[in-house]
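Below: one structure, written as structure tokens.
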Protein chains: 2
Amino acid sequence: MSSHTTTPKKPRTRRISESTIRRLSIYYRALARLEAEGYHTVSSKELARRERLTPAQVRKDLSFFGSFGTRGLGYPVSELRGKIARILGIDRMWNVALIGVGNIGSALVAYKEFQRQGFHIRRIFDNDQRKIGSNHKGIMVSDIADLESELKASKIEITVIAVPAHAAQDVADRCVRAGIKAMLNFAPVNLKVPDDVCLRTENMSMELEYLSFSRVNQGSVETVLLDAEKA
Amino acid sequence: MSSHTTTPKKPRTRRISESTIRRLSIYYRALARLEAEGYHTVSSKELARRERLTPAQVRKDLSFFGSFGTRGLGYPVSELRGKIARILGIDRMWNVALIGVGNIGSALVAYKEFQRQGFHIRRIFDNDQRKIGSNHKGIMVSDIADLESELKASKIEITVIAVPAHAAQDVADRCVRAGIKAMLNFAPVNLKVPDDVCLRTENMSMELEYLSFSRVNQGSVETVLLDAEKA
DNA sequence: TTTTTATTGTGAATGAGTTCACATACCACG
DNA sequence: CGTGGTATGTGAACTCATTCACAATAAAAA
């Protein structure tokens, strides 16, 4: 290997940070509101002001994906919104399966926001015999025993895991075996999945713990230090 | 103002990053499992392996709050767990109010994990006359009209906002006026609150959008760029 | 008691993400 | 058609977080 020439490995695959993608979601919603309010263009300054960000941040985030604005004028509201939808991949429908139809699962079935965003729950699974066969918003609950086969047969692309913590890793493993590459997990455990599988976890307890921490010591660590050491 | 002397403002209040606190929650759960499995000590290496982190990360995180380990041996499992509970402020009970008892709200009332972590729902509010006065797991639903007065009277410390998006900002403002300093928001909007109020938002749509993005272009931006520009 | 082994705690180095600052470019108006 | 005003897009500077690497030190073994 020639080490005296600079390797021309200018990585053609720039990696986008998680924060940038989260903010893209924020811009998307902000643009929807701006559109509803009748705006045709918006500056990075105004967008930033509305979402409590900095103008530079907005411009930098967008610049990763191209040049969408007009100098001196700003960004075209509805056009940019469409472009972001395309970037996020929400300009299409996604086939989703819900696994576990307990408290949280039931709430998710009824949650209209998902549907509105193009995420359609096509299958529901549970292991409770009393639930299997019952109807949830027009979807028959399937036996979780048939998970792998049904996931494959029904072209599911995303699974939502809403089973108890102790069962979650097993369910995740089975989804992986069925070829699922994207999962949203509501069980309060850190699931382990292969690198090529995208997993997001909504851990409400962790959020509450963060609130609790912030409340106890307002961001500073002094009190914590003292308390923890004298304890 | 003397500007020639270096201000001795060595900030006694080290700020802890959000990521560190999130990981503290992770360690806390991992330690609970280790305890259940009968371990008395654990090394940063083992803790890291289990949670897919690096040993250095584990040690650095903990070191912000003190020295909890023994060189050559590791950390005492159950003692460290207690210390983290103390740091996170979950070695006590928190009085929580739930605002909005629709799909998500109902699921949260029934969710036992909160209770188990010391977060007790003491009040429930809604604006629907049919729900007001009804009983949810032993708690009478109050009229949201009485929000401020009841929040104050019942020593609520944390509010969980589970109302529709369009009503969320108003509810948040009223919580702020009632002196609430910590809120967990489930409405898909970026709420604006004063700096001294801690707000966390669980936005499931945003998580799905992140999954969608990751699925469409496996972390790289190439396809996005091309698609977005030709569109 | 001394040596070996293991693992912490932490400054220093690296890397990632954010903000700054300004050249660039477009629109509007005269 | 030229000039003024304005906001983008981006390299460079900066700030914050993670990883490295090793001295410090406790336990176990000899």
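If you're wondering where the values come from, they're calculated on a predicted model, not measured in any experiment.
One finds a side-chain N or O of A/Arg23 lying less than 4.0 angstrom from the OP1 or OP2 phosphate oxygen of C/dT18. Phosphate contact (OP1/OP2 of D/dA26, side-chain N/O of B/Thr70, threshold under 4.0 Å): absent. For D/dA17, neither phosphate oxygen OP1 nor OP2 lies less than 4.0 angstrom from any side-chain nitrogen or oxygen of B/Ser19. Listed pair B/Gln57 / D/dT19 meets the phosphate criterion, a side-chain N or O lying under 4.0 Å from OP1 or OP2.
If you measure from atom CZ of A/Arg59 to atom P of D/dA7, you get 10 Å, rounded to the nearest angstrom. If you measure from atom OH of B/Tyr75 to atom C1' of C/dA6, you get 13 Å, rounded to the nearest angstrom. Rounded to whole angstrom, the span from the CD atom of B/Glu18 across to the P atom of C/dT18 amounts to 12 Å. Atom CZ in A/Arg15 sits roughly 15 Å away from atom C1' in C/dG15 (whole-Å rounding). In this entry the distance linking CG of B/Leu53 with P of D/dA17 reads 16 Å, nearest Å. Residue A/Phe68 contributes atom CZ, which lies 11 Å from atom P of D/dT10 at whole-angstrom precision. Per the geometry, CG belonging to B/Leu62 stands 15 Å off P belonging to D/dT19, to the nearest Å. Atom-to-atom, NZ of A/Lys60 to P of C/dA16 comes out at 15 Å; the value is rounded to the nearest Å.
With hydrogens and angles ignored, the 3.5 Å screen pairs a side-chain donor or acceptor of A/Lys192 with a backbone N or O of B/Arg50. Within the 3.5 Å criterion, the main-chain N or O of A/Leu88 finds a donor-acceptor partner in the side chain of B/Ser212.
Aromatic ring orientation, A/Tyr210 versus A/Phe213: tilted (interplanar angle from 30° to 60°).
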- Take A/Ser205 and B/Gln117 through the side-chain hydrogen bond (donor to acceptor under 3.5 Å, both in side chains) test and state the conclusion after the steps. CA-CA 7 Å; A/Ser205 298; B/Gln117 297 274 328; 4.7 Å; no
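At a threshold of 4.0 angstrom between heavy atoms, the contacts of B/Ser44 are confined to the sugar-phosphate backbone, with no base atom among them.
Residue order along DNA chain C, read from the 5' end via each residue's closest nucleotide, puts B/Ala56 first among A/Leu73 and B/Ala56.
Judged by distance alone, with hydrogens and angles left aside, B/Arg71 brings no side-chain donor or acceptor close enough to the base of D/dT25 to form a pair under 3.5 Å.
The side-chain heavy atoms of A/Phe119 and A/Ile158, taken from C-beta on, include a pair separated by under 4.5 Å.
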